[in-house]
Amino acid sequence: MSDATTTTATETPHRYTATSAGELELRWQKVWECDGTYHQPNPGEPGFDASRPKYYALDMFPYPSGAGLHVGHPEGYIATDIMCRFKRMSGCNVLHPMGWDAFGLPAEQYAVQTGVHPAVTTKKAIDNFRRQLKRFGFSYDWSREFATIDPDYYRWTQWIWLQAYHAWFDPHVGKAQPIAGLVSRLEKNDALVDVEGERVRWSRATPLQRQRYLDGFRLAYVGEQTVNWCPKLGTVLANEEVIDGRSERGGFPVLRLPLKQWMFRITAYAERLLDDLSMVDWPESTRVMQTAWIGRSDGAEVRFEVLRSREEKGVGHLRMRLRLADLQLALQDRTGEMLRRIEDRCRTTHGLEVQVSLAGTILGSKQIGEILTLQGRVRQHGAAVAVVDADEHQREVFRISKLDKLLRDEHPGETLVVFTTRPDTLFGATYMVVAPEHPLVARATSDPASETDVDDLSAYVAIARNRADVDRMAESKVKTGVFTGLYAKNPATGEAIPIWTSDYVLMSYGTGAIMAVPAHDERDFEFAKIFALPITQVVDVPDQPWTGDRATSGEGVGIHSKNEEVSLDGLGTREAMSVITKWIESKGIGRRRINYRLRDWLFSRQRYWGEPFPVVYSDDGRHLPIAERALPVALPELVDYQPIVSDTPVPPLGKASEWVHTTAGAAGVDASILPADALVRRETNTMPGWAGSCWYFLRYCSPKDSSRFVNLEAERYWMGGRGVDLYVGGSEHAVLHLLYARFWHKLLFDLGHVSTQEPFGKLFHQGMITSFAYQRVDKSLVAVDLVEERANGTFVEKETGDAVTQVIAKMSKSLKNVVNPDDVITDYGADTFRLYEMYMGPLEQSKPWNTRDIVGSFRFLQRAWRLVIDERTGEPLFAAAADATLERLLHRTIHKVGEAIERLSFNTAIAALIELTNAATRPTTMTDLTLGGFDRNQSERFVLLLAPFAPHIAEELWHRLGHSTSVTSAAWPAHDPAMLVDDEIELPVQIQGKVKARVTVPAKASAAEVEAIVLADSDVQRLLGGKPPKKIIVVLGRMVNLVG
RNA sequence: GGCCCCGUGGCGGAACGGCAGACGCAGCGGACUUAAAAUCCGCAGCCCUUCACCGGGCGUGUGGGUUCAAGUCCCACCGGGGCCACCA
């Protein structure tokens, strides 16, 4: 117990003490709950006032852990609560909800450790979090509370997933469309589709083949991917969940493993996710992080011929160009009729079997000429593939996957496609490198005539593959690699250059292969030095003179870059890139391309504690969606939810065999898809913890709606304009949650389910609450309880007496500097806690908790109380007459506080309130208490100013001032702008830029008048010593500068 | 290694390019008290000068620059933090 709890009850029985604060806080919390003070009706509901503007303030809902709340949790919640209370008083309808993000790994791991079912521990944790949060007096509308584990909620999480499953990203319109539209197009054209290397007409394809084909388009799809497999967690993880080769949760090593998993085609939205960042008011750092994560690179894709030896001549290319008129017709004719005609023409006039697929978009006829080239490539058997290749803009993802597929599947071992951001260095490409996982390597190892040691190659690939990414990085200092025995023909120089494999090239980026330009890329240079590969300079970089002992990666002027058809010599890098790209395109060996670092989002987890997928499998291996009417697919109550130890991921839900093996009818598959009695197997993977947080802010709008994931009208009202008006949470979610939620939102927007492109109009990250710790000379940290403070303000280690310095560190059990919010509230009350945490410093900054400082906030509330209440009687106390100076200050404070709240600058708002209180406080020695302080009206406005920050004490004072309704619904006081300026102001006078004197001038004085007053001032004349200044600068209302 | 942010009293921090250090903590002095606590009043960046008042100089990590004027803008460096990290 702190000093604050002691009270001099005998003399001042109505003081504000920790005890009385606790009493009145609990009392008002009960009243607010009984009265439904913070209940916000929806449009159409009784009590809804349509004339008021809306304000939606959202906290990142917590993941309730067994440990309970720590002092960092409430920081953001207090901030939004202040804003909400201010907005309510300013006349807004305010949506301020709270809920629980309750599925996920930590709860399951805790359950596995303790043997208690996660449903039990999670419920307990939620109850504890709710109790702790309620003690702060937050103005949440608790009637909107829900948890992501509620079947009524995850029913709709599954529903949204189904929307993605039934949709594809149509490159023509740049947005998601129902996949039924694509299917009917395929049917109508009876299109030739490509399924795992085999081409069949749609009408003749098996159901499984059709499904496989459509999986190449669905936004939620099954895909075979090299995944991040964490054996220790027993699950696969998304790229975003892997940091430095270790799991974000737990820090366990992560391996790579090819696996069929549910994916989200988030890459289809790469461009929009990037561009729309300009629409939102977000911290710059977060926008930069998302931009970097999406990682757009502009460059070119170039196809190299693969040769089996240095001497081999490559297979010739056949290049074709259709007449512009044909293309124009093809584009305008969406039915496919024209495409058929082009195919026919190729067959009859060129003797070529050609497939034409329409991947371009009608951007305007002027672009058509430049956007399309038809490339043909002859195979030995005479079959050919043509790719209609469209413009680089927007529709990239769809076409590229298509191109890659065709190239890889149709011409195994014959070409090697690379992506480069520096096509202008093509002449300097002296070797190639492919990732160890690249298919070319597998073929090279099985080539009996290989020029290299195949065993070496196999061994290297085996090591690189099995190595966890952590090790791969740890050993990354020295580059390693093996020659594959294959060569590629540099299309610019015509030279055969060796193809190597090395783990510095990643299979997951670009095409998994690079053209190495050692002269102008540091990584390639390092590799070339180690393996004595040739280095050819092809760019002269002005500020990086060529010395031969390092790569020059800057931009410059092309040299040594010339063949019969094209020359880059003398061209600047930018121009050279454009020239060479055009040349590549005209040769049909590549094109301009945009590449994204973003990969598709792996959405399956081999865990029990998550949302089941609404999918079953038929015995021919097809996945079949559950009908919407059959949702939710409830998570079975599994007694044994222990993860299955295995070298490969095995979902624990497989243990619920009665649940897994069922019939189509029982599972809820529509009879039109499969007969009701057909045996099916349920999907046993579950969704990751991120699923529930992707759309919870929408559910708050109408949490009880049982017919829709969100009520249409409620969504339009609360999310209207720019979505959530204020979203506060930690910057640790800068990419993960905030990127995923944006993706879901865009998908829902495209399908017409929500009304805004972006979910969160304004985002704010609160800083971390840190703590003090102590550091020895050797930089090791010492726990707080092992250190004592000396009288002179220095710190020594108790045991040794050695001096230690105070440093700022994260709160941790080992440093004994963790603060429990419950204790602080017991010692001072929730109002003091709220005030202290907001007064510590700027909201966005990380700040050290200092328990010693809390008393300052407490004393402020005591003074505020004494200012309004006579502590002997408990009755309100008023000055006989309003003090004019105080009135002026009050107006200024009203202005300052309101403006500071809008800026989320709560520390300065509170400082202004303290200044006002200090100015108004009567000395305790004063006997006539009617002399100082506020009059009734001033007191009321003062209490209103206090209300957003310290709602309990404000409510108490408001009622003691005679009001019977809550301060929550009172109007924010107005200020008179005329009261913000004084009649006379004191101006500093600078001489040669240094403040030397002060003069008092009328506030409305003109520059000339001010100048006259200054020059007439006796101090100024003395300081000038008779010499008139050369120049006088008058900044009205600010200062005067005399320059000699 | 790359990009970004931040360096202000003993501590947390204020400061539209215009009086640096608001406000709070800790500290010091005083009032009240038998006393302590609490409360209230006052003092408080550093240095020089002075018995004192007065007065003067230096001060926002370091060094330069722009400007009548720089904590604030520009360049370089030092220190701390964050993000990414072989992304071709």
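All heavy atoms count here, side chains included; hydrogens, waters and symmetry mates do not. Sequence lines set the chain letters: A, B, ... in the order given, protein chains first and strands last, and positions in each chain run from 1.
Taken together, the paired segments of RNA chain B that extend over three or more consecutive Watson-Crick or G-U pairs, each closer than 3.5 Å at both contacts, are B:1-7 with B:78-84, B:10-12 with B:23-25, B:27-31 with B:39-43, B:45-48 with B:55-58, B:61-65 with B:73-77.
Note: NZ (A/Lys479) to P (B/rA88) measures 14 Å, nearest angstrom. Put simply, CZ on A/Arg866 is 5 Å from P on B/rC40, counting in whole angstrom units.
For A/Lys810 and B/rG82, the shortest distance from a side-chain N or O to OP1 or OP2 is not below 4.0 Å. An OP1 or OP2 oxygen of B/rA85 is reached within less than 4.0 angstrom by a side-chain nitrogen or oxygen of A/Arg597. Contact annotation: A/Tyr839 side-chain N/O to B/rG24 OP1/OP2 distance is not under 4.0 Å.
Nucleic acid contact for A/Thr908: sugar-phosphate only, since backbone atoms but no base atoms lie under 4.0 Å from a heavy atom of the residue. Looking at heavy-atom distances under 4.0 Å, A/Gln845 makes contact with sugar-phosphate atoms alone, never a base. Counting non-hydrogen atoms under 4.0 angstrom, A/Ser297 reaches the backbone sugars and phosphates but no base.
Comparing atom distances between the A/Ile514 side chain and each of B/rA88, B/rG24, B/rG57 picks out B/rA88 as nearest. In the set B/rG12, B/rC84, B/rG18, the nucleotide with an atom closest to the side chain of A/Met1039 is B/rG18. Relative to the side chain of A/Lys847, the nucleotides B/rG13, B/rC68, B/rG24 differ in distance, and B/rG13 lies closest. Nearest nucleotide to the side chain of A/Thr420, out of B/rA14, B/rA88, B/rC19: B/rA88. Across B/rC86, B/rU39, B/rC16, the shortest atom-to-atom separation from the side chain of A/Tyr504 is found for B/rC86. With B/rA85, B/rC23, B/rC68 as the choices, the nucleotide that has an atom nearest any side-chain atom of A/Glu915 turns out to be B/rC23.
Between A/Phe527 and A/Tyr431, the distance separating the two ring centers is shorter than 6.0 angstrom.
Judged by atom type and distance alone, A/Arg998 reaches the base of B/rC19 through a side-chain donor-acceptor pair under 3.5 Å.
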